[in-house]
*Asks:* 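Below you'll find the structure I mean.
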Amino acid sequence: MPAAVVRAVLDTGAYAADVRTDEERAARLGVRQVPTFVINGTPVVSGAPGPAGLQALPTSPAVR
């Protein structure tokens with residue numbers, strides 16, 4: 001993405017409301033690290049788990 005586009009978005013606050021909504025949702029879910037994987041509304045892996053941590057994610061059809 002060109003720097004001018006990024007600067008325009010930051011200067012205008014075009015997505016500020018969306019970011020605040022995401023921050024509020026993360027706070028309600030108890031998210032304290034990024035990345036955090038949220039499956040069906042539940043944080044299941046926080047931080048950078050590496051390949052072994054990602055392989056441990058639930059694999060039921062409800063989360064595919």
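Predicted model only: the values in this text are computed from it and were never measured.
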*Asks:* Within the 4.5 Å heavy-atom criterion, are R25 and V31 side-chain neighbours or not?
*Replies:* no

*Asks:* In residues 16-24, what donor-acceptor pairs under 3.5 Å come from side-chain atoms, sequence neighbours left out?
*Replies:*
residue: R20; atom: NH1; partner: E23; partner atom: OE1; Å: 3.1
residue: T21; atom: OG1; partner: A17; partner atom: O; Å: 3.0

*Asks:* Return the OG1 to CG distance between T42 and L29, rounded to the nearest 0.5 Å.
*Replies:* 7.5 Å

*Asks:* If hydrophobic residues (ILVMFWY) are linked whenever their side-chain heavy atoms come closer than 4.5 Å, directly or via other members, who joins V9 in its cluster?
*Replies:* Y15

